[in-house]
Amino acid sequence: MKRRNITLSFIFLINIIFGQNPMTNSDFYEAYPESEIISYSKDAYDLDSRICNYLISDVSIENKMAVIDAFNTESEMDAGKFFLEFLKSKYNFLNISEIKSNEDKLVLAYLLMTSNLEISKSLIEKIDNIYSDRLSFNVLKFFINSMENIETDKCEIWSDFQKLDNTTFKINDFSKKAMYLIAKKVDLLKDFCSKEKLTVTKTNRHFIRQKITNNTFDLNYENGVYSINLEINNSIKLDFIFDSGASIVLIPEDVFRVLLRMKTIEKKHMLGTKKFSIADGSIMEKPVFMLESLKIGNIEVNNVEASVGELNSDLLLGQSFQKKFKVLKIDNNNNKLIIEQ
C-alpha cells in the first residue's frame with residue numbers, strides 16, 4: 001500500500017540501491033492534462049477496479065501509460081499482479097497466456113516492469129510486430145529493456161534513448177513534453193559515459209548544453225580560500241569553497257536535510273554510496289546523490305554529482321561542478337572567477 005505523504009527518512013534515502021532505474025520515476029504523466037483519473041491515480045493507495053477499468057477502456061495507449069505513471073512508484077510491487085487478477089476475473093481465464101487483448105498485454109507489461117521483468121519482456125516480445133510503428137510502444141520497450149541494463153551499462157541506456165528520440169515512427173502517439181520529461185531523467189546517466197562512448201547519435205531536442213562564454217564573477221577571499229555564492233536546486237543560496245582536490249561537490253548533512261524537507265532532493269536523486277580518500281589517507285564511504293541544478297550568476301549547471309558531508313562542515317565546489325566547463329580559472333590578482341565555454 002502506498003502512502004505518498006510519508007516523509008522519507010535520511011537513513012532510508014542514503015541506503016537506496018545504486019541500481020535504481022530513474023526512468024521508473026520519470027513523472028511523464030505531468031505532460032498530460034490534470035484529469036480526474038490522473039488526480040485519482042496519484043492519490044490511490046492500491047490499483048483498484050476504477051483504475052483497472054480505465055486501463056482496459058478505449059482510450060489511447062499513451063493516456064493509459066500516463067495513468068500508470070501517475071500511480072506507480074518504485075515500491076508499488078503488486079500492481080501487475082492485481083491487474084492480472086482483475087483480467088482473470090473479468091474475462092474468466094486462468095493463465096496469462098490466455099489474454100487476448102494486445103493492449104491488455106501492453107498495460108500488464110508496464111505494470112510488471114518493476115516486479116517481474118521476465119514476464120514483462122515476454123509480453124512485449126509477443127506484441128512487438130503489432131506495435132513496432134508506434135512511439136508509445138517503443139518508449140515502453142525502452143523502459144523495460146533499460147531495467148535489464150541499469151546495473152551494467154548506464155551509458156548504453158543513455159545512447160539507446162538518443163536513437164529512440166531521433167527515430168521517426170509511423171504513429172507518433174506520445175507527447176513531446178512527456179519525451180522531454182523522460183529525457184531529463186535519462187540525462188542523469190550521461191555522466192557515467194566515457195568521452196569515447198559519448199560519440200553517439202546526436203539529439204537535437206533534449207541534450208543541447210547551454211552555450212556560455214566569457215563570464216566573470218567576484219570571489220570572496222578569506223583565510224587563504226576562495227568562495228562564491230551558488231543557488232542549489234532553485235531553492236537556497238549558500239557560499240561554496242573552491243576545492244580542486246575534491247572529486248565531487250560536498251553538501252554537509254544539515255544542508256542536505258534542508259533540501260530533503262524542501263523536496264528538492266528526493267529518492268530518485270540518490271545514487272547509492274562511494275568510497276573517498278581523505279587527507280589522512282584513510283577511506284570513507286559516503287552517500288552520493290544528484291543535484292538537479294547549481295546556479296552561479298546567469299549560469300545554470302544541471303545534473304551535478306554530490307556527496308553528503310559531516311554535519312555543519314563546509315560546502316565544497318569540487319570537480320563534478322568544475323569539469324562541466326571548457327575553461328574555469330581564477331584571477332588571483334583581481335579575485336575573479338572566469339568561466340569560458
Side-chain angles (χ1 to χ4, degrees), residues 7-8 10 13-14 22 184-185 187-188 190-191 207-271 273-274 276-279 284 286-341:
T7 302
L8 295 170
F10 174 73
L13 279 172
I14 65 175
K184 285 179 65 178
K185 300 301 176 185
D187 199 25
L188 294 176
K190 183 177 179 180
D191 290 335
F207 294 91
I208 297 174
R209 298 280 181 174
Q210 186 179 6
K211 293 182 179 179
I212 305 166
T213 57
N214 300 325
N215 293 273
T216 303
F217 304 95
D218 292 327
L219 289 169
N220 300 314
Y221 184 76
E222 187 176 356
N223 298 325
V225 295
Y226 287 109
S227 64
I228 194 166
N229 193 265
L230 276 76
E231 184 176 15
I232 308 172
N233 283 352
N234 299 304
S235 56
I236 56 175
K237 293 183 178 181
L238 294 169
D239 289 336
F240 284 75
I241 292 175
F242 275 94
D243 188 350
S244 59
S247 59
I248 63 176
V249 168
L250 182 69
I251 303 291
E253 184 181 328
D254 52 320
V255 176
F256 182 79
R257 288 177 178 272
V258 171
L259 294 170
L260 284 178
R261 288 196 293 272
M262 297 177 72
K263 297 184 178 180
T264 68
I265 295 177
E266 300 175 348
K267 181 179 178 180
K268 59 188 177 183
H269 298 117
M270 302 305 299
L271 302 176
T273 61
K274 277 189 178 182
F276 298 91
S277 298
I278 59 177
M284 291 187 65
K286 297 180 180 180
V288 180
F289 62 99
M290 193 70 74
L291 288 169
E292 288 193 347
S293 170
L294 276 178
K295 287 183 181 178
I296 176 172
N298 63 324
I299 300 174
E300 180 176 9
V301 178
N302 302 116
N303 303 328
V304 180
E305 192 176 12
S307 65
V308 181
E310 299 298 324
L311 191 70
N312 297 318
S313 59
D314 291 322
L315 291 93
L316 302 181
L317 203 58
Q319 292 295 324
S320 60
F321 173 85
Q322 297 180 35
K323 286 187 176 180
K324 294 283 187 178
F325 304 100
K326 181 179 179 180
V327 175
L328 185 149
K329 57 187 178 182
I330 293 175
D331 180 350
N332 291 306
N333 293 327
N334 300 302
N335 291 344
K336 299 285 186 182
L337 172 69
I338 301 171
I339 295 177
E340 300 175 3
Q341 187 171 344

Colleague: Walk me through it: do Leu294 and Ile232 pass the test side chain to side chain contact (heavy atoms under 4.5 Å, CB included)?
Modeller: CA-CA 5 Å; Leu294 276 178; Ile232 308 172; 3.9 Å; yes
Colleague: Are Glu253 and Val308 close enough, and set up right, to give a side chain to side chain contact (heavy atoms under 4.5 Å, CB included), and what steps lead you there?
Modeller: CA-CA 6 Å; Glu253 184 181 328; Val308 181; 4.1 Å; yes
Colleague: When rounded to the nearest 0.5 angstrom, what is the spacing between CG in Leu259 and CG in Asp254?
Modeller: 10.0 Å
Colleague: Would Ile236 and Met262 count as a side chain to side chain contact (heavy atoms under 4.5 Å, CB included) here? Give the steps.
Modeller: CA-CA 10 Å; Ile236 56 175; Met262 297 177 72; 3.8 Å; yes
Colleague: Search all heavy atoms of Ile338 against all heavy atoms of Thr216 and return the closest pair with its distance.
Modeller: CG1-OG1, 4.3 Å
Colleague: Determine the minimum heavy-atom distance between Lys286 and Leu250, stating which atoms define it.
Modeller: NZ-CD1, 4.2 Å
Colleague: Looking at every heavy atom in both Leu260 and Ile265, which two are closest together, and how far apart are they?
Modeller: CD2-O, 3.5 Å
Colleague: Is Asp243 reaching over with its side chain to a backbone N or O of Leu316, donor-acceptor style, under 3.5 angstrom?
Modeller: no
Colleague: Quick check on side chain to side chain contact (heavy atoms under 4.5 Å, CB included): which of Asn303, Val301, Asn302, Val249 does Leu291 satisfy it with?
Modeller: Val249
Colleague: Measuring only between side-chain heavy atoms, which start at C-beta, is Phe325 closer than 4.5 Å to Ile299?
Modeller: yes
Colleague: To the nearest 0.5 angstrom, please state how far the CG atom of Leu317 sits from the OH atom of Tyr226.
Modeller: 15.0 Å
Colleague: Rounded at 0.5 Å granularity, tell me how far CG in Leu238 sits from CG in Asp314.
Modeller: 11.5 Å
Colleague: Side-chain contact test, heavy atoms from C-beta onward, threshold under 4.5 Å: evaluate it for Pro252 versus Leu315 and give yes or no.
Modeller: yes
Colleague: To the nearest 0.5 Å, what is the distance between CG (Asn220) and CZ (Phe242)?
Modeller: 10.5 Å
Colleague: Start with the C-alpha distance between Tyr221 and Asn332, add both sets of side-chain angles, then the distance that settles side chain to side chain contact (heavy atoms under 4.5 Å, CB included), and finish with yes or no.
Modeller: CA-CA 10 Å; Tyr221 184 76; Asn332 291 306; over 6 Å; no
Colleague: Looking only at heavy atoms, what is the nearest atom pair of Lys324 and Val304, with distance?
Modeller: CE-CG2, 4.3 Å
Colleague: Atom NZ in Lys329, atom CG in Leu337: separation rounded to 0.5 Å?
Modeller: 10.5 Å
Colleague: Identify the heavy atoms of Met290 and Glu305 that sit nearest to each other, and give their distance.
Modeller: SD-N, 3.7 Å
Colleague: Quick check: Phe289 with Phe256 (ring centres under 6.0 Å apart)?
Modeller: yes
Colleague: So, do Asn234 and Glu292 sit near enough that their side-chain heavy atoms are less than 4.5 Å apart?
Modeller: no
Colleague: In Å and rounded to the nearest 0.5 Å, what is the NZ to CD1 distance from Lys336 to Ile228?
Modeller: 10.0 Å
Colleague: For Ser244 and Gln319, which heavy atoms make the closest approach, and how far apart are they?
Modeller: O-NE2, 2.9 Å
